[in-house]
Amino acid sequence: MAALPSQSLLHRLVPLAPVAGGAPLVAHQTADLFGLWTTWEAECGERCGPPFWAVVWPAANVLAGYLLAHPETVSGLRVLDLGCGGGIAGIAAAMAGARSVIANDVDAVAEHIVTLNARANAVTLTLSAEDLTTTTERAPADVVLVADMFYEQAPSRGMMAWLRASVSAGSRVLIADGGRPFSPTKGLLEVYSKRVTVSADVEGVPERLVRVLELLR
């Protein structure tokens, strides 16, 4: 596990800031992902994985905004934010009245940032570091949130099998997709879409169309 970034580094390079288009959410986020990565590695003196936790990714942003605008989606329900990163979607679910929210990510640094972001937004989340998609247990939630997770073929295939099994077991699954390479294309109902401006340095394009999709039985 990589060393946690220091409070000084977070203050300088990953400050708390409003989430664009996601008022009243705030989150630790960086304006220079690659500069942060280099500085973090220099600080801890070892190789670190990409600090994906320092970016509010477009799909999580749009999904968070959707939940705040449609609180009935999660109000009074148990919610799982799968592969939560900085936890923006899960935090929005808590703000929208979810009964409980599990913020799940195998990256321990992301879990640390989730804790800070949740505190900054005055909500409480339960942390989970287990790779749930490799287990035979189904989602421990009424609603599963998945945002910007479909980058690699094999993990995406395994995740979709687990998500479909969770839907069959009674969970509702909402997938927010910004056009990632291995995003699902079948058995989905589009419930919302929005075109958002993104960092061209990080994304390679100036904007992305994000769709919020419900996985059907």
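Here the structure is a predicted model, which is why all the values come from computation and not from measurement.
- Ion pairing of Asp142 with Arg172 is absent here, as no side-chain N (NZ or NE/NH1/NH2) approaches a carboxylate O to less than 4.0 Å.
- Note that CD of Gln29 is 11.5 Å distant from CD1 of Ile113, once rounded to the nearest 0.5 Å.
- The 12-atom threshold is not exceeded at CD of Glu152, counting heavy atoms of other residues, nucleotides or ligands nearer than 6.0 Å.
- Here CZ of Arg78 is found 7.0 Å from OG of Ser100. Values are rounded to the nearest 0.5 Å.
- The minimum heavy-atom distance linking Leu209 with Ser193 is given by the pair CD1-CB, 4.3 Å.
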Requested in this report: Step by step, work out the side-chain contact (heavy atoms from CB on, under 4.5 Å) result for Val19 and Asn61.
Outcome: CA-CA 8 Å; Val19 174; Asn61 188 339; 4.0 Å; yes

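- Using a 4.5 Å heavy-atom cutoff, the side chains of Trp162 and Thr134 are not in contact.
- Contact annotation: the side chain of Val143 never approaches that of Leu80 to less than 4.5 Å [non-hydrogen atoms, C-beta and beyond].
- The two residues Ser75 and Ala96 have their closest heavy-atom pair at CB-O, 3.9 Å.
- Minimum interatomic distance between Cys84 and Val114 (heavy atoms only, all atoms of both residues): SG-CG2, 3.7 Å.
- With values rounded to the nearest 0.5 angstrom, Arg138 atom CZ is found 11.0 Å from Leu132 atom CG.
- Taking the side chain as every heavy atom from C-beta outward, Leu63 and Tyr192 never approach each other to under 4.5 Å.
- No option in Val146, Val173, Leu215, Thr133 other than Leu215 meets the side chain to side chain contact (heavy atoms under 4.5 Å, CB included) test with Met160.
- For CD of Glu207, the number of neighbouring non-hydrogen atoms (other residues, nucleotides, ligands) closer than 6.0 Å is greater than 12.
- Taking the side chain as every heavy atom from C-beta outward, Val210 and Arg195 never approach each other to under 4.5 Å.
- When hydrophobic clusters are built by joining Ile, Leu, Val, Met, Phe, Trp and Tyr residues whose side-chain heavy atoms come closer than 4.5 Å, directly or via intermediates, Tyr66 is not grouped with Leu213.
- Residue Asn117 holds its CG atom at 5.0 Å from CD1 of Ile91, rounded to the nearest 0.5 Å.
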Query - Worked check of side-chain contact (heavy atoms from CB on, under 4.5 Å) between Met159 and Phe150 - result: CA-CA 9 Å; Met159 178 163 45; Phe150 298 94; 3.6 Å; yes

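- The side chain to side chain contact (heavy atoms under 4.5 Å, CB included) test with Trp40 is passed by exactly one of Leu13, Leu4, Val109: Val109.
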Query - Candidate pair Leu10 and Leu16, rule side-chain contact (heavy atoms from CB on, under 4.5 Å), full reasoning - result: CA-CA 9 Å; Leu10 292 177; Leu16 270 176; over 6 Å; no

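- Thr30 is not listed as a side-chain neighbour of Pro51, based on a closest heavy-atom distance of 4.5 Å or more.
- A pairwise comparison of heavy atoms in Ala93 and Val74 identifies O-CG2, 3.7 Å as the closest pair.
- Linking Ile, Leu, Val, Met, Phe, Trp and Tyr whenever their side-chain heavy atoms come within less than 4.5 Å puts Val79 and Leu125 in one cluster.
- With hydrogens and angles disregarded, no donor-acceptor distance shorter than 3.5 Å links the side chain of Glu41 to the backbone of Arg47.
- Other residues, nucleotides and ligands contribute only 12 or fewer heavy atoms inside 6.0 Å of the NE2 atom of His11.
- In this structure a side-chain-to-backbone donor-acceptor pair under 3.5 Å is present from Thr39 to Gly35.
- For Glu43 (side chain) and Ser6 (main-chain N/O), a donor-acceptor pair under 3.5 Å exists by modelled atom type.
- Atom CG of Leu127 sits about 10.0 Å away from atom CD1 of Ile102, to the nearest 0.5 Å.
- Atom CG in Leu174 sits 6.0 Å away from atom CD in Glu214 (nearest 0.5 Å).
- Here the closest heavy-atom approach between residue Ala27 and residue Val56 is recorded as CB-CG2, 4.2 Å.
- Panel note: side chain Asp81, backbone Gly90; a donor-acceptor pair is recorded below 3.5 Å.
- Val198 is not listed as a side-chain neighbour of Trp57, based on a closest heavy-atom distance of 4.5 Å or more.
- Hydrophobic clustering (side-chain heavy atoms under 4.5 Å, transitive across Ile, Leu, Val, Met, Phe, Trp, Tyr) groups Leu36 together with Leu116.
- Listed for the Ser183 side chain is no donor-acceptor partner under 3.5 Å among the backbone atoms of Gly179.
- Inspection of the Glu130 and Thr135 side chains reveals no N or O donor paired with an N or O acceptor under 3.5 Å.
- Val101 and Leu82 sit in two unconnected hydrophobic clusters of ILVMFWY residues. Membership requires side-chain heavy atoms under 4.5 Å apart, directly or through other members.
- Two residues are said to be in side-chain contact when any heavy atoms from C-beta on lie closer than 4.5 Å; Asp107 and Trp53 meet this criterion.
- Follow the hydrophobic side-chain contacts under 4.5 Å out from Leu33 and you reach Tyr151 in the same cluster.
- Using a 4.5 Å heavy-atom cutoff, the side chains of Val55 and Ser199 are not in contact.
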Report task. Start with the C-alpha distance between Leu25 and Ile88, add both sets of side-chain angles, then the distance that settles side-chain contact (heavy atoms from CB on, under 4.5 Å), and finish with yes or no. Result -> CA-CA 8 Å; Leu25 281 166; Ile88 297 306; 3.8 Å; yes

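- At distances below 3.5 Å, at least one donor-acceptor pair connects side-chain atoms of Asp105 with backbone N or O atoms of Gly85.
- Cys44 and Ala3 get closest at one heavy-atom pair: CB-CB, 3.6 Å.
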